[in-house]
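What you are looking at is a predicted structure, and each value in this text was computed from that prediction instead of being measured. Every number for a ligand or one of its atoms is a count from 1 in the order of the listing.
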Amino acid sequence: MIYNVIENDMEILNEIDKILEEAGSLLNSAKSRNELDDRFRAVSGKKGRLSAILHNIGSYSAEEKKIIGSKSNEVKNKIEAVYKNKKNEIEAIERQNFLDKYKIDLTIPGDYMERPHKHPITAVLEEAVDFFSSMGFEIAEGPEIETTYYNFDALNIPANHPARDVWDTFYLLNGLVPRTHTSSVQVRTLEKKSPPFRIIAPGRCYRYEAVDATHLFMFNQMEGLFVDKNVRLTDLKGILEETVKHLLGAKKTRFRPAFYPFVEPGLDLDIECVFCGGRGCGVCKNTGWIEVIPCGMVHPNVFKYAGIDPLKFRGFAFGMGFDRIVMLKYNINDLRLLYQGELDILNQF
Ligand code: PHE
C-alpha cells in the first residue's frame, strides 16, 4: 500500500525533499542573524512552500495525507534544526568578532596611577589654618604688592627710620613694594574690621636676600592678630605655645626679647634646635635654638594709625616664618629643597 502511494506521489515527496535541500542551502549561506531569520521565516512561514503543500493536502486520500503530513513534519523539523544550528554558528562568530574587536586582556597589569598629594608647605599651612580656625581666628588677605604706607609707615616704621633697612626691601619703579612681611595685613584689617577680632593672614613675602639654606628671596609667612579689650601677653604666650605644640609636637620653647617697631614689648619665640637637640650646630648657628615666631603686643601707634583708640583696645600679633615651620616639622635642613620641584624629595611627604 505504502509503496503504491509513494510511487503515485513520488513527485510531491520529491518536492518536499527539494524544499528541504533548498531551504538547507539557503539557511546555511546566510551571513547574519537578520538574514538567517528572514530566510527562515520565508521558508517555514505561512507563505512558504511547505505550508502551501499542507494547505492543498485536501485533494489526497487519507493514506496519502498521512504520508505527506508526516514527511512534511519531518522536513519542517529538519529545517528548524538547520536554522538552530546555523543560528548558533552565526552567534558564535558574532561573539568572537566582538571579542576580537574589543579585546581585553585581563592579565595585563594596569597602568600605575600616581596618587596626588599636597606640597608639604600647603599641607602644613592647611593644618595651621584649621588649628587657628578652631580658636576663632578668621582668614584675612592683603595684596602681595603693597604701598610703603601699609608695609612700613602704618606699622610705625617711618621713612628714613633705620628700621626699614632690616626688611631688605625690593623697591619697584612705581614706588610700590613686594610686601616684605604679612604685617601689612594687620593694618588693612585694623582699618576694615572693628574689634574685637582674631585673624590670621597667610601669604607670600619678598626680600632682597642672598639665597642660602635658611633664606630665600620669596617665602611664606603667617601673620596673626588678636585684638580685644583685655588681651594680655599671657594670651600670646599660651596661644603660641599651643601652636608650636600642635604643629611641631612637644618642643622646648623660650621667649626672648626682640625689637619690631610695631609691637611693644616685642618677642621671639624660639624652639630647641631639632637638628642638634640643643647642643649647637650649623643650622642653629651654634645657639641650640631656632627662632620660629616673632611676636609682641600691638604698639599703640599702630592702633592710632588705623584709627583705633589704644586705651580701649589691646592686642597681640605674630608673624610665623612658615617655610621654617615646615622645615622643622620634617627635619629638612635646606629651605631650597621645598621650592625646587624635585619630585624625589616632594614625594616623600
Ligand atoms: N613682620 C615681622 C617680620 O617679618 C614679624 C612680626 C610679626 C613680628 C608680628 C612681630 C609681630 O620680621
Report, in ascending order of atom number, the atoms of ligand 1 lying under 4.0 Å from any heavy atom of [X].
X: E223; result: 7 (C), 9 (C)
X: A317; result: 9 (C), 11 (C)
X: Q186; result: 9 (C)
X: W167; result: 3 (C), 4 (O), 12 (O)

Between N85 and E89, a side-chain donor and acceptor under 3.5 Å: no

N156 and H161: side chain donor to acceptor below 3.5 Å: no

Checking a contact table here: which protein heavy atom is nearest [atom], and how many Å away?
atom: atom 5 (C) of ligand 1; value: P294 CG, 3.6 Å
atom: atom 2 (C) of ligand 1; value: F262 CZ, 3.7 Å
atom: atom 1 (N) of ligand 1; value: S183 OG, 2.8 Å

N-O pairing of E35 and R39 below 4.0 Å: yes

Structural part of C205 in contact with ligand 1, heavy atom criterion under 4.0 angstrom: neither

Criterion ring pair (Phe, Tyr, Trp, His ring centres under 6.0 Å) against H181, the qualifying member of F322, Y260, F262: F262

Result of checking L240, L236, D270 against I293 for side chain to side chain contact (heavy atoms under 4.5 Å, CB included): L240

F219 to D323 - nearest heavy-atom pair and separation: CB-OD2, 3.2 Å

